[in-house]
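Beneath this line is the structure, given in structure tokens, with notes to follow.
Please read these numbers as outputs of a predicted model, since none were measured by experiment. Side chains included, hydrogens not; waters and symmetry mates left out as well; all remaining heavy atoms used.
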Amino acid sequence: MTVPVRRDYVDTSWGQLHIATAGSGEPVVLLHQTPRSWDEYREVLPMLGRRFRAIAVDTPGMGASDVSPLGHSVVAYAGAVLDMLDALGIGSCHLVGHHTGGVIAVEVAARAPGRVDRLVLSSTPYVDEAARADRAGRRGIDEVEPRPDGTHLTELWQRRRRYYPPGEPELLARYLRDALATEDPEEGHRAVERYRMEDRIGSIRQPTLCVGHDADPFAFPGLSRLAELIPGARTEVIAGGAIPLEHTAGEFSRVVLAFLSAGAPARP
């Protein structure tokens with residue numbers, strides 16, 4: 001049975017958040033990487049929707065969501081997720097995040113532990129003082145200078161291409177459409193680099209699954225370290241998984257469904 005996906009807007013006190021939903025039942029909120037949108041979960045939504053009420057949210061300033069008046073920061077992004085839960089009348093939910101979305105999920109779970117039942121952190125980097133120092137002055141993956149002849153668009157494509165599976169240009173096309181919908185596709189990455197994750201990771205008490213994608217050169221090497229910092233966290237590795245979640249959407253959905261549906265351990 002195919003579960004339909006519905007797109008809608010949620011009104012908050014400061015603007016609108018764009019969401020896509022599928023299914024019914026316990027809510028599962030999905031947070032995407034930078035500079036993507038709900039489209040990153042286009043294939044995942046109907047799969048999760050067979051068991052849950054799956055809700056993919058466009059991060060403020062990305063996709064079709066308004067920019068938060070608080071600007072681009074992990075704290076502001078997390079606040080918007082909580083605003084959305086309030087607007088939809090959702091007391092608590094399972095929370096899933098990929099890359100930047102995982103960092104936002106950490107902040108939501110730490111700030112409002114009663115609102116998050118179970119947590120899935122996919123390709124989520126652990127950014128502490130050492131990581132910030134290592135990234136300082138390094139050019140961002142999506143950092144290009146706009147040029148009148150449009151060649152910066154080709155540059156953006158080429159800078160991402162090395163991290164995408166060969167022979168799947170449609171995945172890059174989906175990325176580029178989302179990147180063009182933002183004022184600056186690098187803002188979300190800068191927000192992660194400013195975030196003091198080391199001050200918040202120790203507050204995570206929800207049953208947590210850390211998912212690694214073994215063809216992701218950015219986040220996969222830190223999978224074990226991330227899991228060690230969260231009491232009782234489990235890990236799962238998706239073979240052939242890469243930066244674009246769509247590449248292994250079926251396996252990712254299977255892993256998430258198994259974790260959320262089976263008896264996860266009680267909170268420590």
Side-chain angles (χ1 to χ4, degrees), residues 8-20 27-41 55-116 119-129 131-132 135-136 140-143 178-204 206 218-219 226:
D8 209 343
Y9 285 91
V10 175
D11 292 320
T12 72
S13 61
W14 52 266
Q16 290 188 312
L17 288 173
H18 179 257
I19 64 173
V28 179
V29 173
L30 308 167
L31 308 176
H32 60 80
Q33 68 173 298
T34 297
R36 295 301 311 279
S37 71
W38 77 275
D39 179 70
E40 180 163 65
Y41 293 105
I55 307 168
V57 189
D58 285 359
T59 301
M62 301 178 209
S65 286
D66 290 339
V67 178
S68 167
L70 299 178
H72 292 276
S73 74
V74 171
V75 170
Y77 297 156
V81 173
L82 294 171
D83 287 345
M84 182 208 69
L85 293 180
D86 290 341
L88 294 177
I90 296 174
S92 66
C93 66
H94 303 306
L95 193 56
V96 178
H98 184 61
H99 272 278
T100 302
V103 179
I104 299 168
V106 165
E107 174 61 22
V108 174
R111 185 195 305 191
R115 308 294 298 270
V116 179
L119 185 63
V120 178
L121 303 178
S122 172
S123 282
T124 300
Y126 176 59
V127 182
D128 58 4
E129 190 60 41
R132 284 190 291 275
R135 296 180 182 205
I141 183 176
D142 297 314
E143 188 174 346
D178 281 342
L180 292 176
T182 68
E183 292 183 6
D184 182 345
E186 192 61 27
E187 283 286 10
H189 295 139
R190 297 189 190 108
V192 169
E193 291 170 6
R194 292 190 295 265
Y195 179 60
R196 292 190 59 83
M197 198 169 176
E198 66 269 36
D199 294 342
R200 304 299 271 167
I201 197 76
S203 298
I204 303 299
Q206 294 83 356
F218 292 107
L226 179 69

Examine distances only and state if a side-chain atom of Glu143 and a backbone atom of Gly140 form a donor-acceptor pair shorter than 3.5 Å.
-> yes
Glu198: partners by salt bridge (Lys or Arg N to Asp or Glu O under 4.0 Å), with sequence neighbours left out = Arg132, Arg196
Any sub-3.5 Å donor-acceptor pair from Gln33's side-chain atoms to Gly101's backbone N or O?
-> no
Heavy-atom closest contact (Tyr195 atom, Val106 atom, distance) | OH-CG1, 4.2 Å
Sequence neighbours excluded, which residues qualify as salt bridge (Lys or Arg N to Asp or Glu O under 4.0 Å) partners of Asp11?
-> none
Is there any salt bridge (charged side-chain N to carboxylate O under 4.0 Å, His left out) pair reaching into residues 71-91, and which pairs are they, with sequence neighbours excluded?
-> Asp86-Arg115
Sequence-distant partners of Asp142, side chain to side chain contact (heavy atoms under 4.5 Å, CB included), two or more places apart | Pro35, Leu156, Arg160, Tyr175, Pro185, Glu186, His189
Residues at least two apart in sequence or cross-chain that pass salt bridge (Lys or Arg N to Asp or Glu O under 4.0 Å) with Glu183, listed by chain then number, are none
Among residues two or more places apart or on two chains, list those pairs meeting salt bridge (charged side-chain N to carboxylate O under 4.0 Å, His left out) that have a residue in residues 91-101.
-> none
Can you run down the side chain to side chain donor-acceptor pair (under 3.5 Å) pairs that involve residues 58-69, sequence neighbours left out, and say none if there aren't any?
-> His18-Asp58, His32-Thr59
Residue set satisfying ring-ring contact (aromatic ring centres under 6.0 Å, His included) with His99, at least two apart, ordered chain then number -> none
Under the side chain to side chain contact (heavy atoms under 4.5 Å, CB included) test, which residues partner Ala87, sequence neighbours left out?
-> Val10
Partner set under side chain to side chain contact (heavy atoms under 4.5 Å, CB included) for Ala110, not counting sequence neighbours | Arg200, Ser203, Ile204
Report all side-chain donor-acceptor pairs from residues 72-80 shorter than 3.5 Å, counting only partners two or more places apart or in another chain.
residue	atom	partner	partner atom	Å
His72	ND1	Tyr77	OH	2.8
Ser73	OG	Ala76	N	2.9

Partner of Arg36 under side chain to side chain donor-acceptor pair (under 3.5 Å), chosen from Thr100, Asp178, Thr182 = Asp178
Contact check, side chains of Ile104 and Val81, non-hydrogen atoms, under 4.5 Å = yes
Any side-chain heavy-atom pair of Val103 and Thr124 under 4.5 Å | yes
Taking the side chain as every heavy atom from C-beta outward, state whether Val57 and Trp38 have any atom pair closer than 4.5 Å.
-> no
Using salt bridge (Lys or Arg N to Asp or Glu O under 4.0 Å) as the criterion, list what pairs up with Arg111, not counting sequence neighbours.
-> Glu107
